[in-house]
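Please read all numbers here as calculations on a predicted model, not as lab measurements.
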Amino acid sequence: MIVVGGESGSGLLDDVQVLKFDQFTWTSISSKLYLSPSSLPLKIPACRGHCLVSWGKKALLIGGKTDPASDRISVWAFDTETECWSLVEAKGDIPIARNGHTVVRASSVLILFGGEDAKRKKLNDLHMFDLKSFTWLPLHCTGTGPSPRSNHVAALYDDKNLLIFGGTSKSRTLNDLYSLDFETMVWSRTKIRGFHPSPRAGCCGVLCGTKWYIAGGGSRKKRHSETLIYDILKMEWSVAFASPPSSITTNKGFSLVLVQHKEKDFLVAFGGSKKEPSNQVEVMGIEKNESYTACHSAPGKGPGRLLFEKRSSSTVLAAQLGTGSSQHSVDSFARQNLASAIEQHGSGRKSLSDSLFVDPNSASRNVSHRKEFHHEEENRIAAKTARNLENDNSSSPAAEHQSNHSDISIQPNNQVGKINAEMTSIFEMETPNSHNQGIGNVSVDNEDVVSLDSDCTTGGARASIYQLYETKIAALIRKNGILEGQLAAALAGREAAEKNLSSILKSRQEMEKKLVDSVREMDLLKEKLAGVELAQEEANSLSNIVHSDNVRLEHDVAFLKAVLDDTQKELHSTRGVLAGERARAFQLQVEVFHLKQRLQSMENRTSTPRKPFHVQ
């Protein structure tokens with residue numbers, strides 16, 4: 001940890017102190033003479049309210065209140081290996097000198113915001129310093145930005161978002177939070193969620209993962225002892241802990257850095273002053289689970305799964321409805337077969353067990369069979385009575401009924417069993433002395449037939465027998481009417497069930513069509529969403545390209561301005577030299593003219609003849 005400058009009881013400081021965490025010892029850099037770009041020895045100015053930013057193996061000192069003072073902000077670089085300072089020759093639009101500002105580094109660029117100038121005027125301007133070309137550039141943003149302030153804190157998250165919190169303005173202490181998106185270059189104010197931080201200035205902030213730790217600070221009346229945490233992802237404030245009143249974080253002007261030592265994170269606080277300056281060090285450890293919190297989302301049902309469930313449920317419902325309708329139609333068809341079997345058995349054409357398995361097309365012929373039932377039944381009973389009177393040894397009609405009814409023990413459902421019970425009661429009325437051996441099975445004793453034959457031999461017995469059988473026929477006709485009513489009701493129920501089944505099938509087809517249409521619409525929406533996402537990605541990439549082009553153009557413009565300034569300076573000096581050379585040439589011309597005149601005068605003198613001199 002490198003500590004540069006500051007303020008003590010005697011004034012501003014210009015020394016450099018290094019704290020090594022392996023041994024936890026302080027080392028002072030004794031030499032104050034450093035090499036300038038012109039290889040002249042100089043020393044850094046005493047300063048306070050400056051910013052110290054790490055850059056590889058160098059520490060950059062930016063701005064601050066210096067002694068002696070300067071008009072423009074200066075950038076110094078300290079090499080930790082050679083322990084030498086060097087002054088960075090900055091170019092471009094250099095900001096005015098200030099203190100209480102903030103500087104954050106994004107890759108090879110420094111971002112400077114706010115502060116207070118020499119006239120104690122609060123600032124809210126934003127500048128960028130390129131560490132490759134050593135050029136300052138002003139940054140112009142849109143949106144509602146932070147008000148002019150100093151002694152605030154700043155953090156840069158993911159090299160994309162600049163966060164500004166708190167500080168002091170001209171008349172009050174602030175607790176607002178602003179965010180600048182470097183992709184859109186738009187300021188936005190973040191709403192306070194969770195714990196409501198009190199206004200504070202002079203606090204220190206350290207970004208650790210997605211948590212921004214802000215310690216200390218206060219207003220003119222009160223200093224705050226709690227350490228706040230701002231979760232950047234959740235956009236929520238909370239309190240980590242409250243320090244005792246004797247803590248360094250309650251001092252004014254203390255420093256706070258993040259140290260990663262042996263796979264652990266520590267917050268290290270140093271210095272500051274209450275009544276007197278302090279040189280104490282406090283260390284707070286940060287657990288990993290507090291610094292980095294993983295967020296898990298319960299999967300919800302997507303539209304695809306919901307549509308699949310709807311499709312499955314509709315298919316099962318249609319299958320159940322189809323099964324119930326088919327069972328209902330089977331019951332109706334069984335009742336029709338039973339009625340037809342009773343009629344056919346009465347006419348003596350088939351056994352009842354064979355009649356139960358007739359072809360389904362024969363159900364339409366049952367109505368015509370019922371019309372012939374009454375005449376056939378009367379003729380059959382009369383013929384059998386005459387044969388029994390002529391032949392005493394012939395078999396009784398009850399035996400024929402018994403043989404013909406021996407197969408009715410297998411019933412399709414309960415309603416058929418009810419019909420068979422009614423038919424059994426009818427046969428009991430025909431043979432009152434018979435005994436039931438099963439459902440629909442009737443047996444007749446030979447003694448009753450013998451007594452009937454003996455009665456028939458007497459005169460007048462034939463009329464009583466016909467009267468008895470007419471009574472039985474009337475009962476059969478009534479029962480047949482009941483069966484016809486039940487059969488008509490069953491047919492009506494069957495038609496209603498078929499109509500219901502057809503309507504259900506139509507509704508099922510409509511539901512399937514709607515489901516197919518919804519699936520198609522969902523696919524179209526997915527395609528549109530994919531297109532929108534691609535367009536958004538392209539727009540983001542274009543905005544990034546435009547932003548990078550703008551930054552590069554700004555760099556080029558600043559570089560061209562610097563080159564133009566140097567060229568103008570060289571041109572000015574060249575003009576001066578040229579003017580001097582012109583003056584000298586003019587002077588030489590004058591001298592040449594004078595020499596020509598003297599030479600001409602000398603030539604004139606030599607051309608004049610002289611008289612000879614004679615001696616006498």
Please walk me through it: do Arg98 and Glu116 pass salt bridge (Lys or Arg N to Asp or Glu O under 4.0 Å)?
CA-CA 5 Å; Arg98 66 191 67 196; Glu116 182 183 71; over 6 Å; no

Check the pair Thr250 / Lys274 against side-chain hydrogen bond (donor to acceptor under 3.5 Å, both in side chains), numbers first and verdict last.
CA-CA 8 Å; Thr250 59; Lys274 288 183 180 177; 3.1 Å; yes

Please report the C-alpha distance between Phe129 and Leu131 in whole Å, then the side-chain angles of each, then the deciding distance to 0.1 Å, and finally whether the side-chain contact (heavy atoms from CB on, under 4.5 Å) criterion is met.
CA-CA 6 Å; Phe129 182 67; Leu131 295 175; 3.6 Å; yes

Stepwise side-chain contact (heavy atoms from CB on, under 4.5 Å) check, Trp237 with Leu177
CA-CA 11 Å; Trp237 288 95; Leu177 176 63; 4.1 Å; yes

Going through the checks in order, is the side-chain contact (heavy atoms from CB on, under 4.5 Å) test met by Val519 and Asp523?
CA-CA 6 Å; Val519 171; Asp523 294 336; 3.8 Å; yes

Working for side-chain contact (heavy atoms from CB on, under 4.5 Å), residues Val259 and Met1:
CA-CA 8 Å; Val259 177; Met1 183 178 70; 5.6 Å; no

Could you walk me through whether Arg149 and Asp176 satisfy the salt bridge (Lys or Arg N to Asp or Glu O under 4.0 Å) test, starting with their C-alpha distance in whole Å, then the side-chain angles of each, then the deciding distance to 0.1 Å, before giving a yes or no?
CA-CA 11 Å; Arg149 65 189 65 199; Asp176 48 359; 2.8 Å; yes

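Within a 6.0 Å sphere centred on CD of Gln600, heavy atoms belonging to other residues, nucleotides or ligands number 12 at most. The neighbour count for Gln280 CD, taken as heavy atoms of other residues, nucleotides or ligands under 6.0 Å away, does not exceed 12. Atom CZ of Arg172 is surrounded by 12 or fewer heavy atoms from other residues, nucleotides or ligands within 6.0 Å. In the displayed structure, Glu276 atom CD is contacted under 6.0 Å by at most 12 heavy atoms of other residues, nucleotides or ligands.
Judged by distance alone, the side chain of Asn175 and the main-chain N or O of Pro197 form a donor-acceptor pair under 3.5 Å. Between the side chain of Arg48 and the backbone N or O of Glu7, no donor-acceptor pair lies under 3.5 Å. The closest donor-acceptor contact from the side chain of Asn124 to the backbone of Pro146 lies under 3.5 Å. Put simply, the side chain of His50 never gets that close to the backbone of Gly5: no donor and acceptor are under 3.5 Å apart. Without hydrogens or angle criteria, Asn251 side chain to Gly271 main chain gives a donor-acceptor distance under 3.5 Å. Judged by distance alone, the side chain of Arg105 and the main-chain N or O of Ser107 form a donor-acceptor pair under 3.5 Å. Under the 3.5 Å distance criterion, the side-chain polar atoms of Thr135 are matched with a main-chain donor or acceptor of Ser133.
Sorted by first and then second residue, the pairs that involve residues 91-127 and meet ring-ring contact (aromatic ring centres under 6.0 Å, His included), not counting sequence neighbours, are Phe113-His152, Phe113-Trp187. Residue pairs that meet the ring-ring contact (aromatic ring centres under 6.0 Å, His included) test with at least one member in residues 3-28, sequence neighbours left out, are Trp26-Phe270. A salt bridge (charged side-chain N to carboxylate O under 4.0 Å, His left out) check over residues 550-564, counting only residues at least two apart or in different chains, returns the pairs Asp549-Arg552. Each ring-ring contact (aromatic ring centres under 6.0 Å, His included) pair with one or both residues in residues 572-603, not counting sequence neighbours, would appear here, but there are none. Screening residues 183-192 for salt bridge (charged side-chain N to carboxylate O under 4.0 Å, His left out) gives Lys160-Glu183 as the qualifying pairs, with residues at least two apart or on separate chains. Within the structure, every pair that satisfies the side-chain hydrogen bond (donor to acceptor under 3.5 Å, both in side chains) test and touches residues 215-224, not counting sequence neighbours, is listed here: Ser198-His224. Residues in residues 62-71 take part in no side-chain hydrogen bond (donor to acceptor under 3.5 Å, both in side chains) pair, two or more places apart or across chains. Contacts classified as ring-ring contact (aromatic ring centres under 6.0 Å, His included) and involving residues 536-565 (residues at least two apart or in different chains) are not found. Residue pairs meeting the salt bridge (charged side-chain N to carboxylate O under 4.0 Å, His left out) criterion with at least one partner in residues 55-64, sequence neighbours excluded, are Lys57-Glu81.
In this structure, CG in Leu207 is found 8.5 Å from OH in Tyr157, a value given to the nearest 0.5 Å. Put simply, OG1 on Thr210 and CD1 on Ile229 are 10.0 Å apart, with the number rounded to the nearest 0.5 Å. Taken from OG in Ser8 to CG in Asn279, the straight-line distance is 11.5 Å, to the nearest 0.5 Å. If you take SG on Cys51 and CG on Leu112, they are separated by 7.0 Å, rounding to the nearest 0.5 Å. Remark: Glu591 CD to Gln587 CD distance equals 5.0 Å, nearest 0.5 Å. Between the CG atom of Leu515 and the CZ atom of Arg520 there is a distance of 11.0 Å, given to the nearest 0.5 Å.
Within the 4.5 Å cutoff, no side-chain heavy atoms of Asp265 are placed close to those of Tyr213. Side-chain contact check for Val153 versus Thr102: every heavy-atom pair is 4.5 Å or farther apart. Between Val4 and Phe78 there is no side-chain heavy-atom pair separated by less than 4.5 Å. For the pair Ile29 and Trp85, the minimum side-chain heavy-atom distance is 4.5 Å or more. Between Met235 and Tyr230, some side-chain heavy-atom pair lies under the 4.5 Å cut-off. Residues Met128 and Val551 have side chains in contact (heavy-atom distance under 4.5 Å, counting atoms from C-beta outward).
Smallest separation of non-hydrogen atoms from Leu137 and Ala558: CD2-CB, 3.4 Å. Contact record, Leu256 with Ala215: CD2-CB, 4.0 Å, taken as the closest heavy-atom pair. Annotation for Thr249 and Ser243: closest pair OG1-OG, 3.4 Å, computed over non-hydrogen atoms. In terms of heavy atoms, Ser150 sits closest to Gly115 at CB-C, 3.7 Å. In plain terms, the two heavy atoms of His196 and Ile192 that are nearest each other are NE2-CD1, 3.7 Å. Closest approach of Ser601 to Arg598, counting heavy atoms only: OG-O, 2.6 Å.
Listed by chain and number, the residues in a side chain to side chain donor-acceptor pair (under 3.5 Å) with Ser188 amount to none (sequence neighbours excluded). In this structure, Trp212 has no ring pair (Phe, Tyr, Trp, His ring centres under 6.0 Å) partners at least two apart in sequence or on a different chain. In this view, Glu282 and Ser247 satisfy the side chain to side chain donor-acceptor pair (under 3.5 Å) rule, not counting sequence neighbours.
A side chain to side chain contact (heavy atoms under 4.5 Å, CB included) with Ile111 is found for one member of Leu126, Val103, Leu180 and no other, namely Leu126.
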